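Worth saying up front: this structure is predicted, and the values here are computed from it rather than measured. Residue numbers start from 1 in every chain, and the chains themselves are labelled A, B, ... in the order their sequence lines are given, proteins ahead of strands.
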Protein chains: 2
Amino acid sequence: MITRLFLQTHRKPILSDEDAAALEAACARTQEFAAKRIIVREQMPLTQCTLLLNGFIERFKDTAEGRRQILAIHVPGDFVDLHSYPLKRLEHSVAALTPVTIATFPHPEIRALTERSAALTELLWRSTLVDAAINREWIVSVGARSAAARLAHLFCEMFMRLERIGMTRELEFDFPVTQIDLADATGLTAVHANRMLRQLREQGLVEFRQGLVKILNWDALRDFAGFDPGYLFSIDRSVLAVRLPVTVQGRTQTGAGAGPCGTIGSFTATSRACAIGALRQVRAEHGRD
Amino acid sequence: MITRLFLQTHRKPILSDEDAAALEAACARTQEFAAKRIIVREQMPLTQCTLLLNGFIERFKDTAEGRRQILAIHVPGDFVDLHSYPLKRLEHSVAALTPVTIATFPHPEIRALTERSAALTELLWRSTLVDAAINREWIVSVGARSAAARLAHLFCEMFMRLERIGMTRELEFDFPVTQIDLADATGLTAVHANRMLRQLREQGLVEFRQGLVKILNWDALRDFAGFDPGYLFSIDRSVLAVRLPVTVQGRTQTGAGAGPCGTIGSFTATSRACAIGALRQVRAEHGRD
DNA sequence: CGTTTCATTGATCAGCGTCAATCGCTGTGG
DNA sequence: CCACAGCGATTGACGCTGATCAATGAAACG
């Protein structure tokens, strides 16, 4: 079943059996690519979407200065370029990080799906938005986290996403990328990424060696990275909350209650100092830092 | 007409008059907020979406260390949190940068729209994906551009987005944000942002003074920022190409042609050196750098 | 087996953050 | 009308994080 992992990752909204079957049937064919092969080149007109079945895929842009910025790393079950359906072209390239197997869904087939079922459309739409939420978390990573925390955060994210599809073993998982890839994803140089990986290892947080990630201390790693899985929009946030007590939640307590639906806020976004103070307090209460 | 600027920004797919009217009618009410007011707080369950009619809005996250990362800046005509419809909650907060007027669209109304028209759904979907493309360009900014180039790039982006909705005058436009906001958007400190703004001014590229941006030399600014408007998915790329000759286009020429539909690439993503060399060459041909 | 890629480490240095002080503007209350 | 507080802009001094340059070894590959 081609769409199994996709549906396992994105469970809402719940599809009828017919819709699920229609989605499955929309696949035109499967295909394999060697590692490092470019699958989609930026700005080319596209007529199909790519569902990743096996292996790892990167989306990236190269800058004029010769730096590569990886924008996303995809795992099996991810609809790598579903956004090409409404957009018709991509503003970035897509390449295989490892040997991969993909399934392709022609745009006309997807159009037929959207005309057939609003629920199915919403599921597809939603999956592209979870992707976007991950994009935004990466903005936070490169914009506001230290080098070591960026790497730690990436490991946390990959762990949760791979666990969702059964690709972890206890606290370790295969992550067959190079240190150069890690550097390109986190906005660092390979040299510095290497040093930070050593630091993470020596701090007893996480170990990365030849494509294998071993999480040595999940709680410490999560705190160090400032990782809050909320942005992954996984199925059951309450379960995650138990397993991963959310540090940063305290933020929303800065000030009294908001309107009933949360859209009518009643507080300003100012007073950084105040918010920071509150945060430090929350962190202190949890005995961290 | 509430949706005028939105439809002006997002012209594809083209809507029927009925669909456009239905969209217009889905608005429940308009509302005003003072500057710095939080409009949507992260993680709160949402039941409506926000269309910005007037003013500027930011989407942001605060980190545990007290840093604020701005994830997006919205201009009139932007559906600020349309992604809350499929996602039901947001992983970030939304606040007014200036006094704003917004229109709210209840989720049930949007659901009705999606059940009514696949074309309308695609337009809405597409607009959330253009947003995501901007998110990704911001990853490139904070991850791979120098401090000054990040600011320059932001000014280029805002200029193009504001021009689309008629909010520029020749080469200047109102951008009523503080230097702190600019710093939070670009992953810099306010102090350093200030210095870089001075540098950009002294280099004769762009001037930012009390909420007014004056572009002193568009070509030089665009080149300095490495700005390629393709990621904005504006209406007519060819027009933009004439007006703003696309430097970075040359990249896709690195290697011979790809498959007919662009999905079957035939080159590897390796050999950075080669690609960089080719880029330098392209840039040299254009007499830059 | 040569060639290339990746990992690793050292030395050096620059870009950007941090700390601190000043100045101007605005709003506010006495 | 003035004193004062708060915020934003600006500038200087200093230091750290992370980039750059360089070299080596090991492993993968054709």
Residues A/Asp228, A/Arg222; criterion salt bridge (charged side-chain N to carboxylate O under 4.0 Å, His left out); working and verdict: CA-CA 8 Å; A/Asp228 174 350; A/Arg222 179 204 55 209; over 6 Å; no

Whole Å only: how far is the [atom1] atom of [X] from the [atom2] atom of [N]?
X	N	atom1	atom2	answer
B/Leu197	D/dT11	CG	C1'	14 Å
A/His192	C/dC13	NE2	P	18 Å
B/Met196	D/dT11	CE	C1'	13 Å
B/Glu65	C/dG17	CD	P	15 Å
A/Leu212	C/dC6	CG	P	19 Å
B/Arg67	C/dT18	CZ	C1'	12 Å
B/Arg201	D/dA9	CZ	C1'	10 Å
A/Leu188	D/dT20	CG	C1'	14 Å

salt_bridge(A/Asp174, A/Arg169) N-O dist < 4.0 Å: yes

Less than 4.0 angstrom between a side-chain N/O of [X] and OP1 or OP2 of [N], yes or no?
X	N	value
B/Arg198	D/dT11	yes
A/Gln179	C/dT8	yes
B/Lys36	D/dG8	yes
A/Asn194	C/dA7	no

A/Phe159 vs A/Thr168, side-chain contact (heavy atoms from CB on, under 4.5 Å): CA-CA, chis, key distance, verdict: CA-CA 7 Å; A/Phe159 178 72; A/Thr168 56; 3.7 Å; yes

Sugar-phosphate, base or nothing in reach of [X], heavy atoms under 4.0 Å:
X	result
B/Thr189	base
B/Arg209	sugar-phosphate
A/Gly187	sugar-phosphate

Test side-chain hydrogen bond (donor to acceptor under 3.5 Å, both in side chains) applied to B/Thr63 and B/Arg67, step by step: CA-CA 5 Å; B/Thr63 71; B/Arg67 275 182 76 92; over 6 Å; no

Enclosure of A/Glu202 CD (heavy-atom neighbours >12, cutoff 6.0 Å): yes

Distance-only donor-acceptor test (3.5 Å): side chain B/Arg195, base C/dG15: no

